[in-house]
Amino acid sequence: MSAPQHRSGPQADGSGENPSGRDTPGEVADLFYALCGRRRDVRGQFTGEPLDDVVLRRILGAAHAAPSVGLSQPWDFVLVRDRGTRETFRDHVAAERDTFARELSGEDAETFSKIKIEGILESTLSVVVTYDPDRGSPAVLGRHAIADAGLYSVCLAIQNLWLAATAEGLGVGWVSFYREPVLRELLHIPERVRPVAWLCLGPVTHLEQTPDLERHGWRSRLPLDAVVHAERYPES
Ligand SMILES: Cc1cc2nc3c(=O)[nH]c(=O)nc-3n(C[C@H](O)[C@H](O)[C@H](O)COP(=O)(O)O)c2cc1C
């Protein structure tokens, strides 16, 4: 699956533009909903082929165009290509996988043993997304009552990145089997800054139609109606 080279991403000032100048709102909506359905968490389908810098820049531009509390844009993107760094992280993730596996028994243990949880070395590069609570502080508009609003903003940037990569025909895999202090030390991330995600990124052979965890029988997606409620939260 090759990444198209001709698209324009968000502008440097963060503004958008009509992708082609001729798509109708209905067509854009159709494309968007198809994209949401097409996005997958990728572990096993990375090819490791090179990724064009222009495409990478567009994807990061989409992430950087995300909404953020008080326009704080509290994210940073650390691009990790070095094989040694990735091997060190992969070894740590493998150890954390074992830690989780030891908590399982019976059918869960058997099912989990078959699930791949990362494509750190197989993907082209990794993007580590961090949260800096000091960005825009002390008066971050909208964060005075909900400290986590900064973290939510970073997650929105990650989702933009994920959808943009999918639109480019690429794969993304979020790896969270790690201890934050380990990742901080590995990438020299200051104490105040929180690593939020290690994302594997790159060309893929294909995107699966069904999430891996569903394919392997770990868990199934809920129907929409199970999570939409009228007027008040349901009684438990
Ligand atoms: C915060 C977060 C952390 C995740 N961590 C991992 C991980 O460590 N390993 C993994 O294989 N998938 C991880 N995933 C991917 C989820 O398993 C995946 O999104 C989910 O099963 C639904 O599949 P889909 O993304 O293909 O729709 C993570 C996803 C999120 C949002």
Side-chain angles (χ1 to χ4, degrees), residues 1-3 34-52 55-56 59-60 62-63 77-105 107-130 154-180 182-183 186-187 195-222:
M1 196 180 282
S2 65
L35 183 64
C36 290
R38 185 173 167 74
R39 184 209 54 78
R40 281 277 78 76
D41 184 89
V42 176
R43 294 102 159 172
Q45 290 78 35
F46 289 112
T47 65
E49 287 165 337
L51 175 53
D52 191 302
V55 177
L56 178 59
I59 293 169
L60 294 172
F77 307 99
V78 182
L79 310 181
V80 182
R81 294 189 169 89
D82 182 74
R83 175 99 188 167
T85 305
R86 289 197 280 160
E87 279 176 356
T88 303
F89 185 69
R90 189 272 320 266
D91 291 349
H92 171 61
V93 168
E96 287 301 322
R97 182 197 166 101
D98 290 346
T99 301
F100 179 66
R102 281 195 293 275
E103 294 171 6
L104 305 174
S105 57
E107 204 180 315
D108 279 354
E110 170 69 12
T111 306
F112 182 65
S113 70
K114 298 184 188 122
I115 297 176
K116 185 169 167 60
I117 54 129
E118 51 83 14
I120 298 163
L121 296 180
E122 301 92 321
S123 56
T124 303
L125 81 159
S126 296
V127 181
V128 176
V129 189
T130 58
V154 175
C155 292
L156 292 171
I158 294 169
Q159 179 70 346
N160 270 15
L161 183 157
W162 210 333
L163 289 174
T166 308
E168 298 278 4
L170 302 167
V172 172
W174 185 326
V175 185
S176 58
F177 279 71
Y178 63 82
R179 304 287 162 170
E180 289 183 23
V182 173
L183 186 48
L186 184 66
L187 301 184
V196 179
W198 180 293
L199 304 174
C200 305
L201 170 66
V204 288
T205 52
H206 64 284
L207 294 175
E208 294 288 346
Q209 291 193 350
T210 308
D212 271 16
L213 298 193
E214 202 164 74
R215 287 195 301 127
H216 289 288
W218 179 262
R219 198 175 154 77
S220 296
R221 285 171 288 184
L222 298 167

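All heavy atoms count here, side chains included; hydrogens, waters and symmetry mates do not.
Using a 3.5 Å distance cut-off with no hydrogens or angles, the side chains of Thr47 and Glu49 do pair a donor with an acceptor.
Aromatic ring pairs are classed by plane angle as parallel below 30°, tilted from 30° to 60° and perpendicular above 60°; the pair Trp198 and Phe89 is parallel. Ring-plane geometry between Phe100 and Phe112 is classed as perpendicular, the angle between the planes exceeding 60 degrees on a 0 to 90 degree scale with a lower cut at 30.
For the pair Arg43/Glu118, no side-chain contact is recorded, criterion being any heavy-atom separation below 4.5 Å from C-beta on. Side-chain contact between Leu170 and Val55: present, with at least one pair of heavy atoms (C-beta onward) separated by less than 4.5 Å. At a threshold of 4.5 Å between non-hydrogen side-chain atoms, the residues Leu199 and Ile158 count as touching. At least one side-chain heavy atom of Val172 sits under 4.5 Å from a side-chain heavy atom of Leu161. Using a 4.5 Å heavy-atom cutoff, the side chains of Val128 and Leu183 are in contact. Side-chain contact between Glu214 and Arg219 is absent, with no heavy-atom pair separated by less than 4.5 Å. Side-chain contact check for Cys200 versus Val42: every heavy-atom pair is 4.5 Å or farther apart. Using a 4.5 Å heavy-atom cutoff, the side chains of Asp52 and Leu56 are not in contact.
Without hydrogens or angle criteria, Arg40 side chain to Gln209 main chain gives a donor-acceptor distance under 3.5 Å. At least one donor-acceptor pair closer than 3.5 Å links the side chain of Arg86 to the backbone N or O of Ser123.
Smallest separation of non-hydrogen atoms from Ala197 and Tyr178: N-OH, 3.6 Å. Among all heavy-atom pairs drawn from Phe77 and Ala63, the shortest one is CZ-CB, 3.6 Å.
Here the SG atom belonging to Cys155 is positioned 10.5 Å from the CH2 atom belonging to Trp162, to the nearest 0.5 angstrom. To the nearest 0.5 Å, the span separating CG on Asp212 from CZ on Arg215 amounts to 4.5 Å. To the nearest 0.5 angstrom, Arg90 atom CZ is 12.5 Å from Thr85 atom OG1. To the nearest 0.5 Å, atoms CZ (Phe177) and CD1 (Ile120) are separated by 11.0 Å. Here the CH2-NZ distance, from Trp218 to Lys114, works out to 12.0 Å after rounding to the nearest 0.5 Å. Residue His216 holds its NE2 atom at 10.0 Å from OG1 of Thr111, rounded to the nearest 0.5 Å.
Of the listed residues (Thr124, Leu51, Leu79), just one forms a side chain to side chain contact (heavy atoms under 4.5 Å, CB included) with Leu201, and that residue is Leu51. Of the options Val93, Asp41, Val175, a side chain to side chain contact (heavy atoms under 4.5 Å, CB included) to Ile117 is made by Val93 and by none of the others.
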Worksheet entry | Check against side-chain contact (heavy atoms from CB on, under 4.5 Å), Val80 and Leu125 | CA-CA 6 Å; Val80 182; Leu125 81 159; over 6 Å; no
Practice prompt. Take Val127 and Val78, measure what side-chain contact (heavy atoms from CB on, under 4.5 Å) needs, and give me the verdict at the end.
Written response: CA-CA 6 Å; Val127 181; Val78 182; over 6 Å; no
Worksheet item: Please walk me through it: do Glu168 and Ile59 pass side-chain contact (heavy atoms from CB on, under 4.5 Å)?
Response: CA-CA 8 Å; Glu168 298 278 4; Ile59 293 169; 4.0 Å; yes
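Between Lys116 and Glu122 there is a salt bridge, with a side-chain nitrogen of the basic residue lying less than 4.0 Å from a carboxylate oxygen of the acidic one. The pair Arg179-Glu96 counts as a salt bridge, with a side-chain nitrogen and a carboxylate oxygen less than 4.0 angstrom apart.
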